[in-house]
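Before any comments, here is the structure.
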Amino acid sequence: MEIADILKKQIADGINNLYNQHLDENEIKLEITNKDHKGDLTFVTFPYLKFSKQKPAETANAIGNYVIANCSSVSHFNVVNGFLNFEISDSFCLNFLKLNFKNTDFGSINQGNGKCVMVEFASPNTNKPLHLGHLRNILLGYSVSEILKFAGYNVISANLINDRGIHICKSMLAWSKGNGETPQSSNTKGDHLVGKYYVEFDKIYRKEIEELKQQGIPDDEAKKTAPSIVEAQNMLVKWEQHDPHIIALWKKMNNWVYDGFEQTYKRLGVTFDKYYYESNTYLLGKDLINEGLQKKVFVKDPDGSVWIDLTQDGLDRKIVLRADGTSVYITQDLGTAQLKYDEYKMDNSIYVVGNEQDYHFKVLKIILQKLGKQYANGIFHLSYGMVDLPHGKMKSREGTVVEADELMDEMYSTANKLTMELGKTEGFTENELKSLNETIAMGALKYYLLKVEHVKRMLFNPEESIDFHGNTGPFIQYTFARISSVLRNTANNENIDVSCSLHISEKELIITLLLFPQKVMLASQTYNPSVIANYIYEISKLFNRLYHELSILGEPDSIKKSNRVAICRLTAIVIKNGMKLLGIAVPERM
RNA sequence: GGUCCGCUAGCUCAGCUGGAUAGAGCAACAGAUUUCUAAUCUGUGGGUCAGGGGUUCGAAUCCCUUGCGGAUCACCA
């Protein structure tokens with residue numbers, strides 16, 4: 001049992017005995033003792049004065065005396081006003097260490113109990129390469145998947161690819177007017193090549209609009225009647241009619257994009273269990289529309305369009321089917337939600353999608369609930385904020401989009417430069433060196449994007465993001481490398497002597513290590529990787545301080561040395577496991 | 001206009017299921033390496049927790065309100 005649980009029970013018993021007031025131990029709250037006071041865990045007595053009918057300090061002393069008489073895990077306590085500060089005994093810390101320092105799974109919990117969760121993320125369009133915004137999405141989705149697995153859930157990662165629509169037709173059109181270059185012939189990554197033609201289309205289109213406007217045609221009309229957009233729309237119609245030429249071109253260009261995306265996913269270390277394609281799902285959802293009409297959840301307007309009135313729920317009146325019987329975005333998402341559930345019967349379905357779609361997902365969930373779908377309650381929109389650049393939003397027209405591949409390359413060369421400058425990689429083969437630099441580069445990038453809580457907008461500062469000092473991925477990786485270096489130089493034969501005393505920096509580290517499973521629980525309940533990121537950073541800081549203050553291998557007292565090496569082992573486990581939850585690898589040397 | 005989200009040090013962020021004097025990193029300045037990796041550590045300065053009100057023993061944290069920034073309310077996806 002955890003120290004906090006033991007203490008809570010003792011405190012509840014104490015209040016029961018002293019004041020004849022029955023309290024459940026779960027009602028007792030404990031917190032980490034403030035830095036400026038002696039102690040490890042603090043119980044605040046103010047809310048209980050109504051039972052004790054004594055002054056705060058008297059109450060705290062009475063409870064403290066009860067606990068220390070009944071609980072060997074507590075060595076001392078002190079009282080400051082109504083604050084009761086407990087000191088955890090060294091033997092308790094060492095028992096915990098003894099129990100866990102060889103447990104490479106330390107931190108994993110069984111909160112999920114095998115429940116099935118689908119996490120949908122990435123979900124790119126197929127007309128251009130992945131950019132910084134996708135990176136936040138992908139890293140968040142992947143990390144949440146890892147956290148849920150570690151918390152005992154059965155996770156299915158899914159990627160819903162938007163492979164159809166006007167956007168890809170634009171690229172197709174521009175490409176078909178070009179010289180027929182391919183990724184092979186141009187030596188270009190497929191997604192970048194298709195993206196190039198998307199930009200190409202936009203240039204032509206804008207030029208046409210300008211020309212039309214000069215002829216006195218109003219802006220909106222020019223945008224609708226420019227020849228290239230009309231042509232692209234015709235192409236979409238032909239696609240829907242299964243025109244073999246268009247379908248062949250569409251397949252060819254989409255496959256180029258998929259090859260490109262796969263390379264990027266691979267570099268990021270991300271995989272998916274299931275791909276959905278909108279070309280297969282865009283017609284879904286019509287059965288649900290009929291079902292909704294029968295259940296009188298939807299109404300049909302005189303023109304034949306189908307609507308749902310959500311004004312009672314604080315939302316709006318929303319169309320779910322056009323008058324011509326074709327689907328809108330929400331229709332296909334309803335259908336896809338049903339498809340996912342039919343295939344996997346999952347308990348929870350998480351959509352990692354930017355916060356500009358908050359409204360859409362509210363509507364999606366509430367419609368499914370009104371249709372009486374039980375699984376709707378398990379739907380959760382994991383909404384995240386946009387990534388801004390120092391000069392504002394990313395805008396493709398202004399060429400300020402930070403492309404994922406390019407960014408990863410930049411991070412790599414920075415890592416490479418720093419590794420060379422520091423010159424600690426003697427004896428590395430060329431491949432080992434490359435692999436190390438890639439590990440550091442990815443660590444820096446991933447940590448930078450995951451340490452900020454997802455609901456917040458975040459600023460991506462190119463200068464700062466390549467900083468490898470302070471609260472960064474490389475700092476944590478470095479801490480791991482330091483520990484690894486120590487462990488390389490010691491035999492694997494630690495015996496923990498629980499009667500030994502601990503140095504303050506050892507004890508603080510152990511007490512923080514002990515919190516790892518709770519942090520995993522919090523992160524999994526709130527789908528929040530930043531909890532893990534900040535926690536691992538805290539661990540790394542504590543370890544570096546210990547490393548500086550105390551010698552580990554040079555410790556003359558063999559018992560203390562053995563204990564200290566075991567602390568290193570558990571710290572390494574926590575850092576490695578925690579970083580894995582963020583999708584970040586840790587190097588043995590750097 | 002309606003709804004939703006955000007606002008904490010010069011900058012980037014923690015802390016938010018209410019607790020003690022609000023914490024880190026970066027930047028600035030001053031130090032630490034004959035010792036297990038200095039991508040490290042120690043110290044100094046830096047705050048109207050956007051403003052105002054409320055709830056209570058106690059509010060950065062909960063509620064109301066105002067301001068600022070963003071998103072959304074498409075027969076686009």
Side-chain angles (χ1 to χ4, degrees), chain A residues 29 31 33-37 42 44-47 49-50 56 80-83 85 123 125 162 164-167 278 282 303 305-307 311 314-324 326-333 354-360 362-363 383 385-386 388 390 393 415 418-419 421-422 424 440 444 448 451-453 455-461 463-465 467-472 474-479 481-490 522 530-531 533-535 537-538 540-541 543-555 564-565 568 589-590:
Chain A
K29 284 184 184 169
E31 48 211 84
T33 301
N34 184 299
K35 263 184 193 167
D36 302 326
H37 293 85
T42 294
V44 182
T45 59
F46 294 108
L49 301 183
K50 59 190 171 192
V80 181
N81 197 6
F83 295 91
N85 304 317
S123 308
N125 290 357
N162 185 5
R164 66 166 280 280
I166 193 72
H167 53 83
E278 285 200 10
Y282 82 107
D303 71 352
S305 58
V306 181
W307 297 77
T311 49
L315 302 171
D316 305 88
R317 194 165 187 262
K318 186 87 188 164
I319 192 163
V320 291
L321 198 70
R322 295 190 185 102
D324 65 4
T326 57
S327 303
V328 291
Y329 178 40
I330 193 82
T331 324
Q332 56 175 292
D333 258 12
N355 63 8
E356 75 272 17
Q357 294 200 38
D358 285 356
Y359 182 79
H360 173 74
K362 249 184 209 169
V363 170
S383 167
M386 298 292 104
D388 283 328
K393 285 176 81 167
L418 266 165
T419 302
E421 276 172 18
L422 291 167
K424 297 182 187 177
I440 295 169
Y448 187 84
K451 74 175 174 184
V452 179
E453 196 186 359
V455 299
K456 293 186 175 159
R457 282 181 90 82
M458 68 173 290
L459 185 87
F460 182 81
N461 186 332
E463 314 269 305
E464 195 186 317
S465 68
D467 193 347
F468 290 2
H469 303 273
N471 187 0
T472 64
F475 169 79
I476 297 165
Q477 290 173 321
Y478 175 71
T479 309
R482 272 186 150 178
I483 298 172
S484 301
S485 175
V486 171
L487 296 178
R488 268 197 301 275
N489 294 313
T490 180
L522 181 63
S530 76
V531 167
N534 289 306
Y535 170 73
Y537 173 58
E538 193 62 35
S540 298
K541 272 200 299 188
F543 180 82
N544 278 313
R545 201 179 69 190
L546 179 148
Y547 184 91
H548 188 261
E549 284 177 0
L550 302 171
S551 180
I552 298 159
L553 300 180
E555 169 59 48
R564 210 165 282 164
V565 171
C568 288
R589 289 181 59 189
M590 71 183 272

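Each chain gets a letter, A, B and so on, in the order the sequences are listed, and its residues count up from 1.
- Here the P atom of nucleotide G10(B) and the CG atom of Asn461(A) are 18 Å apart, to the nearest Å.
- Between A27(B) and U66(B), the two P atoms lie 42 Å apart (nearest whole Å).
- Both thresholds, 5.5 Å between centres and 30° between ring planes, are not jointly met by Phe46(A) relative to the base of G58(B), so the two rings are not stacked.
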What string of B, S and - do you get for nucleotides 69-75 of chain B 5' to 3' if you count protein non-hydrogen atoms under 4.0 Å? -SSSS-B
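- Contact annotation: Lys456(A) side-chain N/O to A14(B) OP1/OP2 distance is under 4.0 Å.
- For the residue pair Asn544(A)/Tyr478(A), the side-chain donor-acceptor check at 3.5 Å is not satisfied.
- Regarding contacts with the backbone of G25(B), every side-chain N or O of Lys451(A) stays at 4.0 angstrom or more from both OP1 and OP2.
- Minimum atom distance to the side chain of Val486(A) is reached by C36(B), of the listed A24(B), G6(B), C36(B).
- Listed nucleotides G25(B), A77(B), U42(B) differ in distance to Gln332(A); the shortest reach to its side chain belongs to A77(B).
- Taking the six-membered ring for Trp and the full ring otherwise, Phe83(A) and His37(A) have centroids separated by 6.0 Å or more.
- Mapping Ser540(A) and Val455(A) onto RNA chain B via the closest heavy atom, the residue that lands nearer the 5' end is Val455(A).
- One atom, CZ of Phe475(A), and another, C1' of C26(B), lie 14 Å apart when rounded to the nearest Å.
- The separation of U34(B) from G10(B), taken at their C1' atoms, amounts to 41 Å, rounded to a whole angstrom.
- Considering only side-chain N and O atoms, His469(A) lies under 4.0 angstrom from the phosphate OP1 or OP2 of U40(B).
- Rounded to a whole angstrom, the distance from the C1' atom of A9(B) to that of U44(B) is 15 Å.
- Note: CG (Asn34(A)) to P (G19(B)) measures 12 Å, nearest angstrom.
- In this structure, Tyr537(A) does not count as stacked on the base of A24(B) under the 5.5 Å centre distance and 30° plane angle limits.
- The nucleotide whose nearest atom lies closest to any side-chain atom of Glu453(A) is, among A14(B), U40(B), A20(B), A14(B).
- Rounded to whole Å, the distance from OH on Tyr448(A) to P on C26(B) is 14 Å.
- Between C68(B) and G31(B), the two C1' atoms lie 42 Å apart (nearest whole Å).
- Judged by the 6.0 Å distance and 45° axis criteria, Arg164(A) is positioned over the aromatic ring of Tyr282(A).
- Side-chain atoms of Asp467(A) lie closest to C26(B) of the nucleotides C26(B), A38(B), U17(B).
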